[in-house]
A.B. asks: 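Structure in structure tokens, see below.
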Amino acid sequence: MKKGFIFDLDGVIVDTAKYHYLAWKNLANSLGFEFTEEQNELFKGVSRVRSLDILLELGNYTAGQEQKDGWLIQKNEEYLTYIEGMDASEILSDVPRVLDFLLEKQQGVVLGSASKNARPILKRVDLFDKFHDIVDGNDVTAAKPDPEVFLIGAEKLQIDPENCIVFEDSIAGVKAANAAGMISIGIGKKEVLHEANYVFLDFTEISTSFLEQLIAGEK
Ligand code: BG6
Ligand code: MG
């Protein structure tokens, strides 16, 4: 039986959520307001452009398009300096084990990320070749929680959405997977990701027998 396994990137494969957070926090601080880690939960899975709008709303800040475009560039440049220093040691625990197991079982494996930096990050941590295809922020018109990114992923694999399984760390991403009619697996805290079909703190908690059950359609 062949299933499609769709992996989000930031916060699922690599711990880049902390770098996104730092870059947004520095921007907020430079504009004179705070940005907390709790507020950052709302930014996970959300596009860069939408994230800036939410940040400005949180800070009660209004700005013109030109100014916003400048901040978007500034935030991404800072983020890129963080990711330039990344290597395979920043891959989250047991992600390679799960990827290798699924590939060995000849399952479909694609990336489904909102990030426009997904390809360079995967190359930097040497996981690029583990994916049959990549769908990222450059390929979609509607951001998560819209299911578009995952539906394109299923199409690329030529596997029906109901036979796809999504790994996600964000509330928006879990909603997107559910809206796509896929099985959603939250990676993170149960309190945050309670809409997911299954939640694990990280991949070390995901056993081979659980993956086998997913492949067999028993989950
Ligand atoms: C998502 C992250 O994966 O990608 C968000 O969870 C981020 O925090 C979004 O804003 C867009 O990423 P990028 O790299 O294109 O700015
Ligand atoms: Mg994520």
Side-chain angles (χ1 to χ4, degrees), residues 5-28 35-58 68-86 90-92 95 110-125 127-128 131 134-150 152-153 165-178 180 182 184-189 192-193 195-196 199-203:
F5 288 84
I6 308 182
F7 289 76
D8 174 46
L9 174 72
D10 295 312
V12 167
I13 291 177
V14 280
D15 187 16
T16 39
K18 64 183 181 213
Y19 299 139
H20 280 295
Y21 171 64
L22 277 179
W24 287 126
K25 182 178 160 55
N26 287 339
L27 177 63
F35 176 52
T36 66
E37 284 196 55
E38 201 182 357
Q39 289 169 325
N40 188 53
E41 282 301 322
L42 296 173
F43 283 56
K44 291 186 178 172
V46 175
S47 73
R48 199 184 306 166
V49 170
R50 178 74 192 121
S51 297
L52 177 63
D53 285 337
I54 303 174
L55 190 80
L56 296 177
E57 277 164 33
L58 289 171
K68 291 207 282 187
D69 288 345
W71 290 332
L72 287 170
I73 293 170
Q74 185 185 321
K75 183 267 168 179
N76 194 51
E77 280 175 354
E78 183 178 337
Y79 179 66
L80 289 175
T81 64
Y82 295 129
I83 64 172
E84 263 164 35
M86 285 179 78
E90 294 198 51
I91 298 170
L92 290 166
V95 168
V110 292
L111 191 87
S113 166
S115 173
K116 293 188 171 175
N117 297 304
R119 284 175 172 83
I121 292 174
L122 284 181
K123 285 184 183 153
R124 189 152 279 285
V125 301
L127 285 181
F128 193 79
F131 294 86
I134 288 169
V135 188
D136 71 10
N138 300 294
D139 307 313
V140 295
T141 50
K144 299 170 188 177
D146 189 284
E148 187 187 13
V149 63
F150 297 141
I152 296 176
I165 297 107
V166 174
F167 295 102
E168 254 296 342
D169 71 316
S170 72
I171 301 167
V174 166
K175 284 183 195 287
N178 292 343
M182 300 177 177
S184 54
I185 302 188
I187 302 293
K189 294 187 187 142
V192 179
L193 301 174
E195 288 181 50
V199 183
F200 299 96
L201 212 47
D202 58 36
F203 282 91

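Values in this document were obtained by computation on a predicted structure and should not be read as measured data. Every number for a ligand or one of its atoms is a count from 1 in the order of the listing.
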A.B. asks: Side chains of V192 and I171: does their closest heavy-atom pair fall under 4.5 Å?
C.D. replies: yes
A.B. asks: Is there a nitrogen or oxygen of R48 sitting under 3.5 Å from a nitrogen or oxygen of ligand 1?
C.D. replies: yes
A.B. asks: Give me the nearest non-hydrogen protein atom to atom 3 (O) of ligand 1 as residue plus atom name, then the distance to 0.1 Å.
C.D. replies: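 For this ligand atom, the closest protein heavy atom is D10 OD2, 2.6 Å.
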A.B. asks: Show the atoms of ligand 1 that are less than 4.0 angstrom away from any heavy atom in F43.
C.D. replies: 5 (C), 8 (O)
A.B. asks: To which of G112, A17, S115, S113 does the heavy atom nearest atom 14 (O) of ligand 1 belong?
C.D. replies: S115
A.B. asks: So, is D8 polar-close to ligand 1, with some N/O to N/O distance under 3.5 Å?
C.D. replies: no
A.B. asks: Would N117 count as being in polar contact with ligand 1, using the rule that some N or O on each side must be under 3.5 angstrom apart?
C.D. replies: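 Indeed, backbone or side chain, N117 has an N or O that close.
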A.B. asks: Is K189 paired with E41 through a side-chain N to carboxylate O contact shorter than 4.0 Å?
C.D. replies: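 Salt bridge absent between E41 and K189.
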A.B. asks: State, yes or no, whether a side-chain contact exists between W24 and L52 at a heavy-atom distance under 4.5 Å.
C.D. replies: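 Of all side-chain heavy-atom pairs linking L52 with W24, at least one is under 4.5 Å.
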A.B. asks: Specify side chain, backbone, both or neither for V46, according to which of its non-hydrogen atoms lie closer than 4.0 Å to ligand 1.
C.D. replies: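 For V46, only backbone atoms sit under 4.0 Å from ligand 1.
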A.B. asks: Backbone N or O of Y19 within a donor-acceptor pair of the T16 side chain at under 3.5 Å?
C.D. replies: no
A.B. asks: Ligand 1 versus H20, non-hydrogen atoms closer than 4.0 Å: side chain, backbone, both, neither?
C.D. replies: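 The answer is the side chain of H20.
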A.B. asks: Scan side-chain atoms only and decide if N178 and E195 contain a donor-acceptor pair under the 3.5 Å cut-off.
C.D. replies: no
A.B. asks: Using 30° and 60° as the class boundaries, would you call the ring planes of F7 and F203 parallel, tilted or perpendicular?
C.D. replies: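 F7 and F203: parallel rings.
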A.B. asks: Could you tell me whether Y21 and F35 have their ring centroids closer than 6.0 angstrom?
C.D. replies: yes
A.B. asks: For N/O/S atoms only: which one belongs to D169 and is nearest the Mg ion (ligand 2)?
C.D. replies: OD1
A.B. asks: Could you label the plane-to-plane angle of the F167 and F5 rings as parallel, tilted or perpendicular, counting under 30° as parallel and over 60° as perpendicular?
C.D. replies: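 Correct class here is parallel.
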A.B. asks: So which bit of A114 gets within less than 4.0 Å of ligand 1, heavy atoms only: side chain, backbone, both or neither?
C.D. replies: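 Both backbone and side chain.
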A.B. asks: For K116, counting its heavy atoms only, list the atoms of ligand 1 lying under 4.0 Å from any of them.
C.D. replies: 13 (P), 14 (O), 15 (O)
A.B. asks: Near S51, which atoms of ligand 1 are under 4.0 Å from a heavy atom of that residue?
C.D. replies: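 Answer for ligand 1: 10 (O).
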A.B. asks: Which atoms of ligand 1 are found less than 4.0 Å from any heavy atom of G45?
C.D. replies: 2 (C), 5 (C), 6 (O)
A.B. asks: Under a 4.0 angstrom heavy-atom cut-off, which atoms of ligand 1 come close to K44?
C.D. replies: 6 (O)
A.B. asks: Among the N/O/S atoms of D10, select the one at the shortest distance from the Mg ion (ligand 2) and name it.
C.D. replies: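 Within D10, restricted to N, O or S, the Mg ion (ligand 2) is closest to atom O.
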A.B. asks: Is H20 close to F43 at the side-chain level, that is, under 4.5 Å between some pair of heavy atoms?
C.D. replies: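 No, every pair of side-chain atoms sits at 4.5 Å or beyond.
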A.B. asks: Quick one: report the N, O or S atom of D8 that is nearest to the Mg ion (ligand 2).
C.D. replies: OD2
A.B. asks: Do V140 and D146 come within less than 4.5 Å of each other through their side chains, counting heavy atoms only?
C.D. replies: no
